[in-house]
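A short worksheet on the structure shown next.
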Amino acid sequence: MGSNTSNGSGDPDDVATAPGPGAGEGRLARLRHALERHLLRNALIAGLITAAAVGAVEVLASRGAERIIPPPAPAPTCPGTDCDGRNPETTTCGADAGSHRPVEDNPAVLEVRYNPRCHAVWGRILHGEPGDRVRISVAGGGATEAEIEWGDDQFTRMLAVDPDSFRVEVCAIPGDSPDRQATWRRYCVEATHATEFALR
């Protein structure tokens, strides 16, 4: 009889549907607070994503730079005449050496190897057989040779050259084993200071 509900049940939910003065302001305050929290959380997430993306780009860029720009070769341990008779691999001279590898008349793949940083040349034979030899000689200088003992390749010791003017000859000399498979005969290739040496 004195109830303020429409059905007289006194149900609390019915009471909540009739807000009193100031209820709208409270709801707006709660909505504003929730919105601020939502915006703050999204800003933090966006910041973390951005930082991760920048970090990933920096890592990829540094890795790409390592692939594109190789580190400089270490200083040679034997520049010039000190390289005579020494191994190009143990003196760092083989690390960034160039090769002159003629295509024609090169059945066993014969190369003149040269490193201007070391002022030295050497010969290399590829796709040979045990017993085959590679010989290098410098015009007006020394000569040396090496034999394939196993596998199919071998290189000589180094010979010093003047980087401004040199002429070198590298020869492939077949072995004399009766089991030999290849049929090529002794042949040579030449190179000078003006020859184009490709990095290999």
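At distances below 3.5 Å, not a single donor-acceptor pair connects side-chain atoms of Asn115 with backbone N or O atoms of Ala120. For Thr156 (side chain) and Glu145 (main-chain N/O), no donor-acceptor pair under 3.5 Å exists by modelled atom type. Under the 3.5 Å distance criterion, the side-chain polar atoms of Glu129 are matched with a main-chain donor or acceptor of Gln181. The closest donor-acceptor contact from the side chain of Glu169 to the backbone of Ser137 lies at 3.5 Å or more, if one exists at all.
Across all their heavy atoms, Gly151 and Pro130 have their closest contact at O-CD, 3.5 Å. Taking all atoms of both residues into account, the shortest heavy-atom contact from Arg113 to Gly94 is NH2-O, 3.6 Å. Nearest approach of Ala191 to His100, heavy atoms of both residues: CB-CD2, 3.9 Å. Nearest heavy-atom pair, Trp122 versus Met158, reported as atom, atom and distance to 0.1 Å: CE3-CG, 3.5 Å. In this structure, Leu110 and Pro102 approach most closely via the heavy-atom pair O-CD, 3.9 Å. Counting all heavy atoms, side chain and backbone alike, Glu111 lies closest to Ser99 at OE1-OG, 3.4 Å.
Below 30°, between 30° and 60°, or above 60°: for Tyr114 and Phe166 the angle between ring planes is between 30° and 60°, a tilted geometry.
Heavy atoms from other residues, nucleotides or ligands lying under 6.0 Å from CZ of Arg101 number more than 12. In this structure, Arg185 places its CZ atom where only 12 or fewer heavy-atom neighbours from other residues, nucleotides or ligands lie under 6.0 Å away.
With rounding to the nearest 0.5 Å, the separation of CG in Asp164 from NE2 in His119 is 8.0 Å.
Taking 4.5 Å as the limit, every side-chain heavy atom of Val161 sits out of range of all side-chain heavy atoms of Arg167. Using a 4.5 Å heavy-atom threshold, the side chains of Cys171 and Arg186 count as touching. Side-chain contact check for Phe197 versus Thr195: some heavy-atom pair is nearer than 4.5 Å. Between Val109 and Ile125 there is no side-chain heavy-atom pair separated by less than 4.5 Å. Looking only at side-chain heavy atoms (C-beta outward), Trp184 and Pro174 come within less than 4.5 Å of each other. In this structure, the side chains of Leu159 and Thr144 come closer than 4.5 Å at one or more pairs of heavy atoms.
Between Asp84 and Arg157, no side-chain nitrogen of the basic residue sits less than 4.0 Å from a carboxylate oxygen of the acidic one, so the salt-bridge criterion is not met. In summary, Asp153 and Arg124 do not engage in a salt bridge, as defined by a charged side-chain N under 4.0 Å from a carboxylate O.
Cluster annotation: Val112 is not connected to Phe155 through the hydrophobic network of ILVMFWY side chains, with a link wherever side-chain heavy atoms come within less than 4.5 Å.
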side-chain contact (heavy atoms from CB on, under 4.5 Å) assessment of Arg117 paired with Asp96: CA-CA 9 Å; Arg117 183 170 53 86; Asp96 57 343; 2.7 Å; yes

Residue pair Ile173, Asp132: steps toward the side-chain contact (heavy atoms from CB on, under 4.5 Å) verdict: CA-CA 6 Å; Ile173 306 167; Asp132 292 347; over 6 Å; no

